[in-house]
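Reading through the structure tokens given below for one structure.
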Number of protein chains: 2
Amino acid sequence: MKNFVRIPRDLGHAIRQARLEKNLTQADLDTRSGVWQEMISKVEAGRGGTKLDTILALLAALELELLVRTRSKGSTSDIDSIFG
Amino acid sequence: MKNFVRIPRDLGHAIRQARLEKNLTQADLDTRSGVWQEMISKVEAGRGGTKLDTILALLAALELELLVRTRSKGSTSDIDSIFG
DNA sequence: TACGTTTATGATCCTTAGACCATATGGAGA
DNA sequence: TCTCCATATGGTCTAAGGATCATAAACGTA
């Protein structure tokens with residue numbers, strides 16, 4: 001599993017995907033991440049500006065890791081058209 | 001450039017590193033990301049729980065990309081991920 | 001060392017994330 | 001259809017993020 005994150009929703013998708021792959025309910029994830037079920041629902045749907053800490057807690061609980069790296073030349077993004 | 005992000009400070013480091021490589025001041029980044037210089041200072045230092053949106057704006061402006069993926073079993077230490 | 005630039009702090013005000021409880025909605029199965 | 005379980009919504013309250021301005025501290029360098 002490897003996904004790019006450009007907008008919050010991307011993260012939400014990755015999180016939901018990983019959670020389902022592990023057969024966990026949002027309540028389960030709540031328990032092991034310390035993030036409330038209601039919050040998880042929001043995050044997965046990409047609703048609201050979640051804090052980094054919350055995201056990291058969820059990723060850790062799902063055994064997902066986050067990476068930053070220089071954008072590969074091929075990848076497109078709106079910023080290209082603005083500052084390219 | 002490729003760094004793992006486990007705690008907010010990891011992101012801060014990556015951001016500062018990328019900014020300096022591009023010879024940008026925090027004020028420059030402010031201009032092109034829309035994120036205030038004061039906020040950038042905080043983020044780079046890993047102080048405070050920044051919102052995902054703020055982070056994504058900075059990464060986009062620095063041409064960095066964020067990825068989520070399942071944690072590799074040979075999970076490296078922080079040191080490894082930074083200097084590996 | 002004094003100046004100019006860059007980065008860090010501090011204060012205020014407004015907005016919102018997050019803790020928390022309750023409930024509504026949605027889906028799968030008996 | 002009626003239950004169960006899962007997920008989404010909604011409200012309250014508090015702590016904190018973020019916009020913004022001003023300034024202090026740090027760093028280079030002439």
Side-chain angles (χ1 to χ4, degrees), chain A residues 1 3 5-66 68 70 77-79 82-83, chain B residues 1 3 5-68 70 78 82:
Chain A
M1 196 274 241
N3 294 52
V5 180
R6 304 233 156 73
I7 54 175
R9 170 169 309 177
D10 295 337
L11 250 185
H13 285 161
I15 287 173
R16 164 160 293 176
Q17 188 185 328
R19 177 174 64 79
L20 293 178
E21 271 168 18
K22 287 180 176 296
N23 288 308
L24 296 175
T25 68
Q26 292 183 344
D28 293 334
L29 226 198
D30 169 330
T31 308
R32 45 178 91 181
S33 68
V35 177
W36 267 245
Q37 179 265 313
E38 297 87 332
M39 209 24 71
I40 297 174
S41 167
K42 271 183 159 185
V43 172
E44 289 189 347
R47 260 174 291 123
T50 321
K51 278 197 282 177
L52 221 212
D53 318 72
T54 304
I55 298 293
L56 291 178
L58 290 175
L59 295 181
L62 287 169
E63 299 182 282
L64 292 176
E65 62 187 9
L66 202 58
V68 219
T70 43
S77 163
D78 6 359
I79 217 72
I82 300 173
F83 299 107
Chain B
M1 197 272 243
N3 292 34
V5 180
R6 304 230 156 75
I7 55 175
R9 217 178 63 207
D10 295 338
L11 250 185
H13 285 162
I15 286 173
R16 163 160 294 174
Q17 188 184 327
R19 176 174 65 78
L20 294 178
E21 272 169 16
K22 287 179 176 296
N23 289 307
L24 297 174
T25 68
Q26 291 183 346
D28 294 333
L29 225 199
D30 170 329
T31 308
R32 45 179 92 182
S33 68
V35 178
W36 268 244
Q37 179 265 313
E38 296 86 335
M39 209 26 70
I40 297 173
S41 166
K42 271 184 159 184
V43 172
E44 289 189 347
R47 259 174 291 123
T50 321
K51 276 196 284 177
L52 222 213
D53 318 75
T54 304
I55 298 294
L56 291 178
L58 289 174
L59 294 182
L62 287 168
E63 299 182 281
L64 293 177
E65 61 187 11
L66 202 59
L67 295 97
V68 219
T70 42
D78 292 323
I82 294 170

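The figures that follow rest on heavy atoms only: side chains count, while hydrogens, waters and symmetry mates do not. Predicted model only: the values in this text are computed from it and were never measured. In what follows, chains are A, B, ... by sequence order, proteins preceding strands, each numbered from 1.
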Whole angstrom is fine here: how far is it from [atom1] in [X] over to [atom2] in [N]?
| X | N | atom1 | atom2 | result |
| --- | --- | --- | --- | --- |
| A:Q26 | D:dT9 | CD | P | 11 Å |
| B:L58 | C:dT7 | CG | C1' | 15 Å |
| A:I55 | D:dG17 | CD1 | P | 15 Å |
| A:K42 | D:dT7 | NZ | P | 17 Å |
| B:E44 | C:dT9 | CD | C1' | 15 Å |
| B:I40 | D:dA19 | CD1 | C1' | 13 Å |
| B:D28 | C:dT7 | CG | C1' | 13 Å |
| A:L20 | D:dC5 | CG | P | 19 Å |

Looking at B:L24, is its backbone amide N or carbonyl O close enough to the side chain of B:R19 to form a donor-acceptor pair, meaning the two atoms are under 3.5 Å apart?
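Answer holds: yes.
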Let's go through B:V68 and A:E65 carefully: what are the C-alpha distance in whole Å and the side-chain angles of both, what is the deciding distance for side-chain contact (heavy atoms from CB on, under 4.5 Å) to 0.1 Å, and is it a yes or a no?
CA-CA 6 Å; B:V68 219; A:E65 62 187 9; over 6 Å; no
side-chain contact (heavy atoms from CB on, under 4.5 Å) between B:T25 and B:Q37, worked out:
CA-CA 9 Å; B:T25 68; B:Q37 179 265 313; over 6 Å; no
With DNA chain C as reference, determine whether B:R16 or B:K51 sits nearer its 5' end, using the nearest nucleotide of each.
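Counting from the 5' end, the first nearest nucleotide belongs to B:R16.
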A:R47 vs C:dA17: side-chain N/O to OP1/OP2 distance below 4.0 Å
no
Does the side chain of A:R19 get closer than 4.0 angstrom to OP1 or OP2 of D:dA6 through an N or O atom?
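No, A:R19 has no side-chain N/O under 4.0 Å of OP1/OP2 on D:dA6.
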Could you write nucleotides 21-30 of chain D as a row of B, S and -, 5' to 3', where a protein heavy atom under 4.0 Å of any base atom gives B, of only sugar-phosphate atoms gives S, and otherwise -?
BB--------
Testing the 3.5 Å rule here: is there a donor-acceptor pair between the side chains of A:T31 and A:D28?
no
Consider only side-chain N and O atoms of A:Q26 and A:E38, and report whether a donor and an acceptor are under 3.5 Å apart.
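No.
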Is any NZ, NE, NH1 or NH2 atom of the basic residue among B:E44 and B:R9 found under 4.0 Å from an Asp or Glu carboxylate oxygen of the other?
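No, B:E44 and B:R9 are not salt-bridged.
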Across the strands shown, which category fits A:T25 at heavy-atom distances under 4.0 angstrom: base, sugar-phosphate, nothing?
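The residue A:T25 makes sugar-phosphate contact but no base contact.
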Would you mind reporting whether B:M1 and B:L64 have side-chain heavy atoms less than 4.5 Å apart?
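With C-beta onward as the side chain, the pair touches.
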